[in-house]
Amino acid sequence: QVQVVESGGGSVQTGDSLKLSCVISGRIFPTNVMSWFRQAPGKEREFVAAVTWSGGNSMYRDSVKGRFNISRDSSKNTVYLQMNSLKPEDTAVYYCALTTGRLTIATMAPRAYYGWGQGTQVTVSS
């Protein structure tokens with residue numbers, strides 16, 4: 001059974017940076033895709049970024065392109081989300097989870113994922 005633990009959140013100012021980490025315990029397959037999602041109060045959980053476990057290919061939601069970078073370290077079973085130039089609208093609880101397959105539009109759907117962690121809070125003040 002796969003479990004994930006997210007960390008690295010905090011309270012920052014507009015323009016600051018944070019690096020989130022997601023440590024995965026359990027079996028990870030080459031076909032796995034690791035993703036970050038976020039959920040702000042009163043809003044649906046939304047896709048942020050994804051990376052393939054095997055080849056390191058990635059995809060992002062439009063609003064974070066050029067500011068966020070997702071990466072993975074297979075030796076540490078860890079996925080990272082480097083967040084730069086943070087904005088108040090980035091405020092949310094950030095979660096990581098796993099799915100399988102290729103990076104497609106379907107990758108952005110939370111229902112395709114498993115192994116959800118408890119999340120880590122990111123708060124960006126103006």
Side-chain angles (χ1 to χ4, degrees):
Q1 184 176 353
V2 172
Q3 292 183 319
V4 304
V5 177
E6 304 97 336
S7 63
S11 296
V12 297
Q13 299 291 316
T14 297
D16 286 349
S17 298
L18 279 175
K19 186 174 185 177
L20 307 183
S21 298
C22 171
V23 179
I24 306 116
S25 61
R27 184 77 180 273
I28 304 175
F29 298 91
T31 54
N32 273 132
V33 171
M34 300 297 303
S35 295
W36 286 94
F37 287 79
R38 66 187 182 188
Q39 188 166 17
K43 294 189 176 181
E44 297 288 320
R45 190 167 297 189
E46 65 181 20
F47 171 82
V48 177
V51 64
T52 59
W53 195 252
S54 60
N57 295 318
S58 59
M59 65 184 289
Y60 301 86
R61 70 178 298 107
D62 287 346
S63 63
V64 307
K65 285 179 181 177
R67 299 189 298 123
F68 290 12
N69 182 68
I70 188 171
S71 61
R72 89 271 188 262
D73 185 337
S74 56
S75 69
K76 297 180 179 179
N77 270 21
T78 301
V79 178
Y80 304 99
L81 186 67
Q82 176 67 48
M83 306 186 296
N84 301 321
S85 302
L86 282 162
K87 304 176 180 180
E89 51 263 44
D90 295 318
T91 295
V93 178
Y94 284 69
Y95 301 89
C96 68
L98 302 85
T99 188
T100 57
R102 297 181 176 181
L103 298 182
T104 66
I105 293 294
T107 305
M108 303 175 74
R111 64 179 178 273
Y113 286 79
Y114 62 94
W116 295 94
Q118 295 299 307
T120 185
Q121 176 71 48
V122 172
T123 303
V124 186
S125 303
S126 57

K.L.:
Using only heavy-atom distances, determine whether the side chains of T99 and Y114 contain a donor-acceptor pair under 3.5 Å.
P.N.:
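Y114 and T99 do not have a side-chain donor-acceptor pair below 3.5 Å.
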K.L.:
Identify, with sequence neighbours excluded, every residue that meets side chain to side chain donor-acceptor pair (under 3.5 Å) alongside Y60.
P.N.:
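Partners of Y60 under the side chain to side chain donor-acceptor pair (under 3.5 Å) test: N69.
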K.L.:
Nearest 0.5 Å please: distance from the OH atom of Y80 over to the SG atom of C96.
P.N.:
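So the gap between those two atoms works out to 12.0 Å.
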K.L.:
Is it true that W116 and F37 have ring centroids separated by less than 6.0 Å?
P.N.:
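Here the rings of F37 and W116 have centres that are less than 6.0 Å from each other.
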K.L.:
Within this structure, what is the CG-CG distance for the pair L81 and L18, rounded to the nearest 0.5 Å?
P.N.:
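Taking CG in L81 and CG in L18, the distance rounds to 9.5 Å.
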K.L.:
Taking side chain to side chain donor-acceptor pair (under 3.5 Å) as the test, write out the residues that go with S63, two or more places apart.
P.N.:
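With neighbours one apart ignored, the set is R61.
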K.L.:
Working note: T107 + V33, criterion side chain to side chain contact (heavy atoms under 4.5 Å, CB included); need CA distance, chi angles, decisive distance, verdict.
P.N.:
CA-CA 8 Å; T107 305; V33 171; 4.1 Å; yes
K.L.:
Could you list all the side-chain hydrogen bond (donor to acceptor under 3.5 Å, both in side chains) pairs where at least one residue sits in residues 88-98, not counting sequence neighbours?
P.N.:
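For residues 88-98, and leaving out neighbouring residues, the side-chain hydrogen bond (donor to acceptor under 3.5 Å, both in side chains) pairs sorted by first residue read R38-D90, R38-Y94, R67-D90.
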K.L.:
With L86 as reference, evaluate V64, V12, T123 under the side chain to side chain contact (heavy atoms under 4.5 Å, CB included) test and give the passing residue.
P.N.:
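Going through V64, V12, T123 one by one, the side chain to side chain contact (heavy atoms under 4.5 Å, CB included) with L86 is satisfied by V12 alone.
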K.L.:
Which atom pair, heavy atoms only, marks the closest approach of V93 to Q118?
P.N.:
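Looks like CG1-O, 4.3 Å.
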K.L.:
Can you tell me if T31 uses its side chain to pair, donor with acceptor, with the backbone of T100 under 3.5 Å?
P.N.:
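Not at all, since once roles are kept as given, no pair shorter than 3.5 Å links the two residues.
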K.L.:
For the pair V4 and C22, evaluate side chain to side chain contact (heavy atoms under 4.5 Å, CB included) and give the outcome as yes or no after the intermediate values.
P.N.:
CA-CA 6 Å; V4 304; C22 171; 3.8 Å; yes
K.L.:
Write out all pairs satisfying side-chain hydrogen bond (donor to acceptor under 3.5 Å, both in side chains) with one or both partners inside residues 11-23, taking only residues at least two apart or from two chains.
P.N.:
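Applying side-chain hydrogen bond (donor to acceptor under 3.5 Å, both in side chains) to every pair that reaches into residues 11-23, excluding sequence neighbours, yields S17-N84.
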K.L.:
Which heavy atom in N77 sits nearest to a heavy atom in G26, and how many Å separate them?
P.N.:
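Closest approach of N77 to G26, heavy atoms only: ND2-O, 4.0 Å.
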K.L.:
How long is the gap from CZ on R27 to CG on L98, to the nearest 0.5 Å?
P.N.:
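One finds 13.0 Å between CZ of R27 and CG of L98.
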K.L.:
What side-chain donor-acceptor pairs closer than 3.5 Å can you find for residues 47-57, not counting sequence neighbours?
P.N.:
unit_1: T52; atom_1: OG1; unit_2: G56; atom_2: N; d: 3.1
unit_1: T52; atom_1: OG1; unit_2: N57; atom_2: N; d: 2.9
unit_1: S54; atom_1: OG; unit_2: P30; atom_2: O; d: 3.4

K.L.:
Taking side chain to side chain donor-acceptor pair (under 3.5 Å) as the definition, give me every residue that meets it alongside S126, ordered by chain and number, with sequence neighbours left out.
P.N.:
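With sequence neighbours excluded, S126 shows a side chain to side chain donor-acceptor pair (under 3.5 Å) to no residue whatsoever.
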K.L.:
I need the N32 CG to I28 CD1 distance, nearest 0.5 Å.
P.N.:
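That separation rounds to 6.5 Å.
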K.L.:
Run E46 and M108 through side chain to side chain contact (heavy atoms under 4.5 Å, CB included) and show every step you take.
P.N.:
CA-CA 8 Å; E46 65 181 20; M108 303 175 74; over 6 Å; no
K.L.:
For residues M34 and I70, report the shortest heavy-atom separation together with the two atoms involved.
P.N.:
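Heavy atoms of M34 and I70 come nearest at O-CD1, 3.8 Å.
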K.L.:
What verdict does the side chain to side chain contact (heavy atoms under 4.5 Å, CB included) test give for T78 and R72, after you've listed the backbone C-alpha separation in whole Å, the side-chain angles of each residue and the deciding distance to 0.1 Å?
P.N.:
CA-CA 6 Å; T78 301; R72 89 271 188 262; over 6 Å; no
